[in-house]
Student: 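Pasting a structure here, questions to come.
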Amino acid sequence: MDTVELLQDLVRMPSINPPGDGEGQVAERLRDELVAGGLSAEMVTSPAGRPSLIARVPGPDDRPPLVLLSHTDVVPVEPDRWRHDPFGGERLDGEVWGRGTLDMKGIAVMHAAGALALAAGEREPTREVIVVAVADEEAGGDEGAGWLVRAHPERVGFRDGRPAPEVLGEGGFGLSGILPRAIMPIVTGEKAPLRFRARATGTSGHGSMPPDDQAIRRMGRFVESVSGPGRARIHPVVRAQFAVLAEAAEGRQARLFRLLAGPAGDLAVHAVAHRLRDRAGVIGHLLADTITPTEVHAGYKNNVVPGLAEASFDARLLPDSDADDVLGSVRRLGRRQGIEVEETARAGGPTSGRGALFRLLEEVSRKLTEAPLPTASLTPGVTDLRFFRARGATAYGWAPLVLGPELLATFHGTDERIPVSGFLAACEAMREVVVRAAS
Ligand SMILES: [Zn+2]
């Protein structure tokens, strides 16, 4: 299999979600490649008609299956802002261009390379390896990973009497060009979304004779009082990450990271959380739960005081925060201000521990060009791995490719592309991981 050509082919199959047309084409192309290499494969289709691919290298049942999880859909593009065709799959100056090269058709190809290497190898697999390429990640996963884990858990590695699967998925590219040394995150957990809606009522009336008790003003006070980052604190995974960042940094920066990793970190973080949120990128958003108003609705005419105002909130909680506690204090605050609060959604799962597979990922990460320092890490956003973690799987976000800030910014943006040399090395790293983890 030529991995670069396969990636180019997949990019040329636009699978923008919504609506996700083209997901099936991507899944079938991957299926054909895997079946040609000796894997058994099936397409499973959600009730709404969205196809996902499941392919296997069989192996004994006494060890957890290894699941390689990717998604076939991509986010939309603004084609006028791209320098090259986002669905051309062109190879230019040592890079493959196009939507999905990073997120995450490139990683799907790495997974395929890993499974094919295992199937072609001489040693008998010591556990089952399942390649899962799902629909609908970019719109929430209800027709892809979420549905599969709920409706067909046995097909994606969960079976009674057998240890829960270990899963590799998206979440962490290596990062170079910010600190003197590159780092390679191995994502062990995600912040958990908690969504709620608030409803304020008041006296309606005419703008010329405003009543005292106005729904919009009541809601305004509530929005202000409830929103923002909560108390800053350092989650154990973030603490370990600060220790690695201290190694990767120099001078004042290294001292700050060392301070945050040490026993004085819990106190120090209050003073610096604001600055880190502003300047330190992702990790700055991992220092507190956040509550953010995302929709506000009220009123219908410029001279009418409405009797109702509604707002929706997107809260993101650290993996060890208690959603009931957070919601409880939001509700208490609401009651005092005459606001009704209704939960609309929650998700999340526990952080995965660090066993033998984690140590293998660390070891293989260190061998990549630029010798990045591996570090356990959390992400503020969500991936499909949350469905697996919530059901008891150990899941890591790991993409063995080190990128500079310029390329990382193309993720969900314009001019998304992947360097061919890094991609080939990443395929090789994934082969090593799959073969060593499963034989
Ligand atoms: Zn993705």
Side-chain angles (χ1 to χ4, degrees), residues 6-7 10-11 13-27 29-30 50-53 67-77 86-87 89 96-112 114 131-149 156 167-175 184-193 282 316 347-349 377-389 393 395-401 403 407-418 422-423 426-427 430:
L6 176 57
L7 174 60
L10 297 183
V11 170
M13 302 167 173
S15 48
I16 297 169
N17 185 15
D21 298 343
E23 290 168 339
Q25 222 188 341
V26 173
R29 181 71 179 83
L30 280 168
R50 306 284 288 276
S52 293
L53 165 71
V67 174
L68 305 171
L69 178 69
S70 62
H71 60 81
T72 55
D73 58 331
V74 296
V75 291
V77 294
F87 299 107
V96 175
W97 277 68
R99 177 61 89 219
T101 45
L102 299 175
D103 182 15
M104 79 176 280
K105 291 171 176 173
I107 303 174
V109 175
M110 295 170 203
H111 289 168
V131 180
V132 182
V134 299
D136 197 36
E137 193 272 346
E138 299 292 1
D142 283 343
E143 299 295 325
W147 169 73
L148 274 173
V149 170
V156 290
V167 189
L168 296 183
E170 67 178 331
F173 284 103
L175 172 64
M184 182 71 228
I186 302 167
V187 179
T188 60
E190 302 172 355
K191 284 182 103 173
V282 168
R316 299 297 176 115
S377 150
L378 301 178
T379 105
V382 295
T383 71
D384 276 345
L385 293 176
R386 71 187 184 282
F387 301 114
F388 286 81
R389 287 197 189 99
Y396 302 124
W398 186 69
L401 176 65
L403 300 172
L407 283 185
L408 278 173
T410 69
F411 197 96
H412 284 215
T414 56
D415 291 344
E416 184 179 344
R417 60 200 191 273
I418 195 168
F423 171 68
C427 289
M430 197 64 81

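What you see below is based on every heavy atom in this structure, not just the backbone, and it leaves out hydrogens, waters and symmetry mates. Order of appearance sets the numbers: ligands from 1, and atoms from 1 within every ligand.
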Student: The test is side-chain hydrogen bond (donor to acceptor under 3.5 Å, both in side chains); show your working for S15 and Q25 and say whether it passes.
Tutor: CA-CA 8 Å; S15 48; Q25 222 188 341; over 6 Å; no

Student: Are the side chain of R99 and the backbone N or O of V75 linked by a donor-acceptor pair below 3.5 Å?
Tutor: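 Here the side-chain-to-backbone pair exists.
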
Student: Which protein N, O or S atoms does the Zn ion (ligand 1) have within a distance shorter than 2.8 Å?
Tutor: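 Listed by chain and number, the nearby protein N, O or S atoms are H71 NE2, D103 OD1, E170 OE1, E170 OE2.
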
Student: What pairs with D384 under side-chain hydrogen bond (donor to acceptor under 3.5 Å, both in side chains), at least two apart in sequence or on another chain?
Tutor: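 Partners of D384 by the side-chain hydrogen bond (donor to acceptor under 3.5 Å, both in side chains) criterion come out as none, since no residue qualifies.
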
Student: Would you say D73's side chain and G20's backbone share a donor-acceptor pair under 3.5 angstrom?
Tutor: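 Not at all, since once roles are kept as given, no pair shorter than 3.5 Å links the two residues.
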
Student: For T101, is there any backbone N or O sitting under 3.5 Å from a side-chain donor or acceptor partner on E416?
Tutor: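 Yes, the answer is positive, given that a donor and an acceptor are paired below the 3.5 Å cut-off.
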
Student: Which atom pair, heavy atoms only, marks the closest approach of L385 to E190?
Tutor: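 Closest pair (atom of L385, atom of E190, distance): CB-OE2, 4.1 Å.
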
